[in-house]
Amino acid sequence: MHDRNHLANVGMTHEVNVITNGLLDIPMLQMLAEDGTPHKEATLPELDEKTAKDILHAMQYVRVLDERMIGAQRQGRISFYLACTGEEAATTASAAALKPQDMIMSQYREQGALAYRGYTTEQFMNQMFSNEKDPNKGRQMPIHYGDKALNFMTISSPLGTQIPQASGYAYGQKMEGTDAVTICYFGEGAASEGDFHAGLNMAAVLNCPVIFFCRNNGYAISTPASEQFAGDGIASRGIGYGVKTIRVDGNDVMAVYAATQTAREIAVKEQCPVLIEAMTYRLAAHSTSDDPTGYRSREEEEKWRAKDPIARMKAWMTAQGWFDEEANAKVVEKMREDVLNELKRVEKVDVPVIDEIIEDVYDTPPWHLKAQLKELKEHISKYPEHYPKTSGRLNRG
Amino acid sequence: MHDRNHLANVGMTHEVNVITNGLLDIPMLQMLAEDGTPHKEATLPELDEKTAKDILHAMQYVRVLDERMIGAQRQGRISFYLACTGEEAATTASAAALKPQDMIMSQYREQGALAYRGYTTEQFMNQMFSNEKDPNKGRQMPIHYGDKALNFMTISSPLGTQIPQASGYAYGQKMEGTDAVTICYFGEGAASEGDFHAGLNMAAVLNCPVIFFCRNNGYAISTPASEQFAGDGIASRGIGYGVKTIRVDGNDVMAVYAATQTAREIAVKEQCPVLIEAMTYRLAAHSTSDDPTGYRSREEEEKWRAKDPIARMKAWMTAQGWFDEEANAKVVEKMREDVLNELKRVEKVDVPVIDEIIEDVYDTPPWHLKAQLKELKEHISKYPEHYPKTSGRLNRG
Amino acid sequence: MAKMNLLQAINNALITAMEENEKVMVFGEDVGHFGGVFRATSNLQEKFGKGRCFNTPLTEQGIIGFANGLAAQGSSPVAEIQFGDYIFPAFDQIVNETAKWRYRSGGQFSVGTLTIRTPYGGGIAGGHYHSQSPEAYFAHTPGMKIVIPRNPYQAKGLLLASIRDDNPVLFMEPKKLYRASVGEVPEDDYELPIGKAEVIKEGKDITLLAWGAQIEIIEKAAEMAEKDGVSAEIIDLRSILPWDADTVAESVMKTGRLLINHEAPLTGGFASEIAATIQERCFLYLEAPISRVCGLDTPYPLAHEKEYMPDHLKTYEAIKRTLQY
Amino acid sequence: MAKMNLLQAINNALITAMEENEKVMVFGEDVGHFGGVFRATSNLQEKFGKGRCFNTPLTEQGIIGFANGLAAQGSSPVAEIQFGDYIFPAFDQIVNETAKWRYRSGGQFSVGTLTIRTPYGGGIAGGHYHSQSPEAYFAHTPGMKIVIPRNPYQAKGLLLASIRDDNPVLFMEPKKLYRASVGEVPEDDYELPIGKAEVIKEGKDITLLAWGAQIEIIEKAAEMAEKDGVSAEIIDLRSILPWDADTVAESVMKTGRLLINHEAPLTGGFASEIAATIQERCFLYLEAPISRVCGLDTPYPLAHEKEYMPDHLKTYEAIKRTLQY
Ligand SMILES: Cc1ncc(C[n+]2csc(CCOP(=O)(O)OP(=O)(O)O)c2C)c(N)n1
Ligand SMILES: Cc1ncc(C[n+]2csc(CCOP(=O)(O)OP(=O)(O)O)c2C)c(N)n1
Ligand SMILES: [Mg+2]
Ligand SMILES: [Mg+2]
């Protein structure tokens, strides 16, 4: 039983000092200027040609995917989509700075991380068409990806819930003593949830090797950051929890890569959490259900379009001699075709057989679920034409 | 639709800067040294003799109440008690700096505020004995006081819930445009709840005139502050929310009074929240259900006993010529007697009549509650000896 | 009278309430300038100012905590939870605070002026987290009232009554009907009673009971059964808590049979309470077991939504089973 | 065999589980060095180190969120919520996350190794916030298991089974019995089955069903009724979800009468589910309406606790009413 003095590190004053945010001023790390030239003062991270190309590839891929799937949603081929446009650097370069064994717990706008890890077009499509090939078994809306093999936790819609979960996951990694951390992505809106508070505080107190990666993209659906919080972004909160914090230009691949690399090093070496706030902008609508013209101006969007993270990365890679415009155009064209072809192919795949409806509620279906399935199948077989997606395959396997 | 740039106030850096708590160093306001002499640099608040005496009176009163009621609990006369001992300055001087129209939403250890407002011994007893004279109608455990006339919201056990509630209450006060604020008390433990995060953030964004008053007394039951958070106390969090913050020596009446006065001025003038962190120590056990010898040392307690807020105030008042030891001893003795007499008298008062069991669930009891009451009364009248507290008065009024 | 869809009726009710009483304030995620993701609060900020209609940060526990305090202060908050599926972070504030506020203070304080609005229910390809029907979670909570409209006329009248009722009301809106349900709605102020079920259609062989979007399901099933010569009485419960057991019992004493339909999973759904109460009240009148046609006991699925739903065909089959018992 | 009270049996089960499997970790508010406010986790930190038994900050949503992640990672967390009344801030993490984790990921991920322990129930002068019995709130949640022991022997065997069960289990402990219930408990490892009710006493006139601390109440009522010549069958449900409808139905087909007793408020309590199911399964066997003897539909009171409780006398009277029907 040691003596714990909660005043031990508290200094003293004798005048009423009202501390305001002015005290804190958390600068944003930028390594590449908006035109792609490195800042002189910046020490660029070691990023080899292959990794740089992989990052660019993933960024371009998700941009293509976004375009195509928004189109597919407009055509009524899928019910819903949510684009990452504008935030490709934040979500891709951060994942690139991790190791494959690191767990990713994401919000929903992090297809960059998933693409970087190697999730295939087929996998994206299987999830979005809720078909029987999707290991998530078509139970959630499009974009709720998840893949055990890639250490990418299946996404859940309720915002912020993954934050304390990530602390717990990382605690388990620490207890196992492996060289692995957890990265937890979330938006600046989600950071208003009570779970954010719980997750950061617990990670700090319980020394969990977790990287909290906040995409501050200025909006939560229609709500601007200015109506979301009054402090200095999300970074300033890290200080309150005693969590080491880095603010970074989320549209700068180099800065994001360097910040995440540093964060991972700290998390592993010191077995503690690190918070990264990536300043970026949601260029897309919130989702295909949203129309941002109702709440923000074209000019604002244009200003941010000029900060396109992909263009910046291309410029830098061009300077390295790693980028060829013409070859790239072909690659992107091929991506477009692939996505479209895969879409056409996958949209014909069946939904899971009806037996799946009661599976995975528990490890094995209890009596009442078996009874409910039996009754349901009998019912479907009475009205097969009303349940066309499942009635054709009532006798599984 | 104005342009809102969430980068507007963000500076830039080109090197990976990991911000740690070292950046912040929130000093603690102390005006009276532990021996009661004012610090030279301190500008003491204007505190007239009457107010000073009222504060001391309330502080001494709750100390007496605590002693007596802990005794009463040991004798089995009440089921539960929770003492404020050691935290009298924090809870009393803060209330003294308010106006009567200000709403108090407390946690449970703030009997100082209640006593200062004029809650009588009879009222304390009525609540603790859950009797029919208690306007709270004996529905909650002892110490869950509440009094509409004194603008003291009835206490609720679930921790932290009052924090966003206080923001909402203050918002209503703002909308009415009266000169009134809300003060919200809570412990450093309760500040870990998600509701804390929600409450502070909402107050900051929605400009609510609320004073968040955190009693950081080092413990949440057995859990020391060092296992509750890793940051620089609760004050450092205020910065993250953009909430003006003051850290104060909670055992120093002058400092608490000055801080709360300043906070109230800011809240009213700027229509915004202010956070006060009062550094203090829970000298008592958590409650009568607790035994702190299991988790902290005698020496630690002794160190804090030496910082007794009542002794400090007495010393200062003596220097002002406002305190007479002998006269005071009589006053305190009288308090002891009064409390004991009132206790003896009130413990005989009946519990509320059984009809009350279904009242106040709704504004008027719906059919099912009426039916349940009817059935209950019939049942009690069949077995009157088994329900001795209520069977004697089944026909109300 | 004007033709309105359910959303417009709600918007109209909010305008009516805000015009009448300046203490009515409307807030939640995206409800301000944008008018809410479904647009139920369109134009309210323009009409009544940012003080009375505003966005909150993204925190449901905060929204209801804030609303509780605001109600205790004497204002009339109408808090929106963007989807019923996201009401659970506010569960503690609702169940431990809102519902118990008046009781624990002996009636000294109350949050009776609070109204919580939330869209609920499936049938919109929303999967797990945009489809749930959480009414039963709240129905086990003394102190709350729960109200669910089935069409625009009901929506306006019941929402106005809820806002003015001096008890906290959870007002659940069947989002599937937001635009799909269109009807005549008086432009004037009116209220419909809370706590009263409505007998929509009289019948003599079986009582069909539902609420919200499921009313049209049981109506459709009743039509099918009618062709077999079955005369069904159709009741809209409208208020889940307190619920109108008298009206239901009276009907069942006449018909001798009861079928309850809801979207939420069967086990622990509110149909269980109704069945338990009615089997007791109408024991000697029942000619067949009370039948529950409900969602399966699984999370709400996406690919199998159609199969999951307690639709008119399942209801029709259950009617037949009950009559053949 | 050793004499243990219910707390000791739980402590013993935790030691057994932690010794056997190093992935079992125990945490919550004050559970570390102090051993929990009831001392259920006494000495665990000393025995197994701070890494495996530790205090958390004061945040129930955080505790369960953290536990969810830890379980998904492959550890076996046993999270304590200090009082059942304080589980509601974690409601979202339990209902939307814990319960749906496996389903939403198609079984790729799960938190099946999670166990949540919490003391519940009244009879200890705890008023509103130290007395609630929230089992029904969770029983409407597919994916969860809910287990409640009635004595030390059951507590150890059921807790061990819960920790090892590959589904998330909410393990609710009747705190009124923590020290009051004492009995012989094997020191060895053993498990009792989850999902199975236990017929404690056979009888032929009426089935009495309860769980947790209310078992002794129905036993007492049964003794009183016995003197009137009534032979009661007594069943401990033990698992609330999934629940053992077969055992209950079989008993009711024999006795023709069913009485269910629980502390939680009547409306929407779990007795309603049981009554709804059994009236359907046993319709032709029932000789009287199924009777529910439960808490009133009010928040849990303090001064009137005795009157509020569904005690043996109320149960006895209900038995008589049911038999005289
Ligand atoms: C608990 C919860 N509340 C509300 C929602 C509805 N919702 C979905 S996305 C969103 C905005 C999220 O904003 P942010 O976290 O900033 O992420 P971004 O969309 O900007 O990437 C809202 C309110 C939800 N999914 N979960
Ligand atoms: C939501 C909730 N969780 C747990 C508890 C049990 N509990 C009562 S007091 C307490 C400790 C509170 O510590 P703190 O906030 O620091 O206040 P202090 O007792 O030190 O004044 C706990 C855990 C509770 N009342 N409410
Ligand atoms: Mg955002
Ligand atoms: Mg404390």
Side-chain angles (χ1 to χ4, degrees), chain B residues 1 103 105 134-140 144 146-149 153-158 160-176 180 182 184 193-195 197-206 208 210 352 356 358-364 366-369 371, chain C residues 22-23 25 27 33 51-52 54-77 79 89-90 92-93 95-97 99-112 114 142-145 165-168 195 241-246 277:
Chain B
M1 214 157 40
M103 171 52 69
M105 298 180 84
D134 174 31
N136 299 291
K137 298 186 186 167
R139 289 181 179 138
Q140 286 193 90
H144 290 72
D147 192 69
K148 180 105 179 163
M153 184 63 70
T154 298
I155 292 165
S156 157
S157 310
T161 51
Q162 80 278 20
I163 305 176
Q165 290 165 6
S167 305
Y169 202 101
Y171 188 87
Q173 291 171 317
K174 175 173 86 165
M175 291 299 283
E176 280 191 357
T182 297
C184 176
E193 291 283 1
D195 275 354
H197 182 61
L200 268 84
N201 189 39
M202 290 184 80
V205 174
L206 298 168
C208 308
V210 50
E356 299 278 12
I358 64 153
E359 276 166 28
D360 305 316
V361 181
Y362 295 94
D363 55 348
T364 51
W367 64 268
H368 65 299
L369 282 173
Chain C
E22 63 168 20
K23 292 200 167 300
M25 297 174 205
F27 51 88
H33 172 73
R52 293 183 58 203
F54 50 94
N55 287 341
T56 63
L58 210 169
T59 166
E60 293 76 15
Q61 66 192 107
I63 292 169
I64 303 302
F66 186 92
N68 276 332
L70 190 53
Q73 181 272 338
S75 300
S76 286
D92 185 56
Q93 282 285 350
V95 161
N96 265 344
E97 297 290 317
K100 299 177 173 56
W101 203 292
R102 193 195 301 262
Y103 198 72
R104 74 186 178 207
S105 70
Q108 288 191 92
F109 300 99
S110 109
V111 296
L114 170 62
M144 291 303 298
K145 293 193 174 184
D165 189 281
D166 193 18
N167 296 285
L241 195 72
W243 66 287
D244 186 355
D246 282 349
T277 298

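Just so it is clear, the values below take in all heavy atoms, side chains as well, and ignore hydrogens, waters and symmetry mates. Quick note on labels: first sequence line is chain A, next is B, and so on, each numbered from 1.
Heavy-atom pairs under 4.5 Å with chain B peak, among C:Asn68, C:Asn96, C:Leu70, at C:Leu70. Of the listed residues B:Glu176, B:His144, B:Gln162, B:Lys174, the one with more heavy-atom pairs under 4.5 angstrom with chain C than any other is B:Glu176. Of the listed residues (B:Ser156, B:Pro366, B:Pro158, B:Ala198), the one with the most heavy-atom contacts under 4.5 Å to chain C is B:Ser156. Contact count versus chain B (heavy atoms, under 4.5 Å) is highest, among C:Gly107, C:Pro89, C:Gly112, for C:Gly107. Most heavy-atom pairs under 4.5 Å with chain C: of the set B:Thr154, B:Asp134, B:Asn136, B:Asn201, this distinction falls to B:Asn136. When each of B:Met105, B:Met153, B:Met175, B:His197 is checked for heavy-atom pairs under 4.5 Å with chain C, B:Met153 comes out on top.
Residue C:Gln61 touches chain B through both its backbone and its side chain, counting heavy-atom pairs closer than 4.5 Å. Only the side chain of C:Phe54 comes within less than 4.5 Å of a heavy atom in chain B; its backbone stays farther off. Contact annotation for B:Val205: only side-chain heavy atoms (C-beta onward) come within less than 4.5 Å of a heavy atom of chain C. Within the 4.5 angstrom heavy-atom criterion, only side-chain atoms of C:Lys23, from C-beta onward, approach chain B. The parts of C:Ala245 that come within reach of chain B are both its backbone and its side chain, each placing non-hydrogen atoms under 4.5 angstrom from that chain. If you measure heavy-atom distances from C:Asn55 to chain B, the contacts under 4.5 Å come from the backbone alone. The parts of C:Ser105 that come within reach of chain B are both its backbone and its side chain, each placing non-hydrogen atoms under 4.5 angstrom from that chain. Heavy atoms of C:Ala67 lying under 4.5 Å from chain B are absent altogether. Using a 4.5 Å cut-off between heavy atoms, C:Met25 touches chain B through its side chain atoms alone.
Remark: B:Asp360 engages B:Lys137, B:Arg139 in a salt bridge (Lys or Arg N to Asp or Glu O under 4.0 Å) (not counting sequence neighbours). Shown here are the salt bridge (Lys or Arg N to Asp or Glu O under 4.0 Å) partners of B:Asp363, two or more places apart in sequence or in another chain: there are none.
The shortest distance between side-chain heavy atoms of C:Lys145 and C:Pro168 does not fall below 4.5 Å. The shortest side-chain heavy-atom distance between C:Glu97 and C:Val111 does not fall under the 4.5 Å cut-off. Residues B:Ser167 and B:Leu206 are not in side-chain contact: their nearest non-hydrogen atoms beyond the backbone lie 4.5 Å or more apart. The side-chain heavy atoms of C:Thr277 and C:Trp243, taken from C-beta on, include a pair separated by under 4.5 Å. No side-chain heavy atom of C:Gln73 sits less than 4.5 Å from a side-chain heavy atom of B:Met103. Side-chain contact between B:Tyr169 and B:Cys184 is absent, with no heavy-atom pair separated by less than 4.5 Å.
Inspection of the B:Gln165 and B:Asp195 side chains reveals no N or O donor paired with an N or O acceptor under 3.5 Å.
Nearest heavy atoms, C:Ile63 versus C:Phe27: O-CE1, 3.9 Å.
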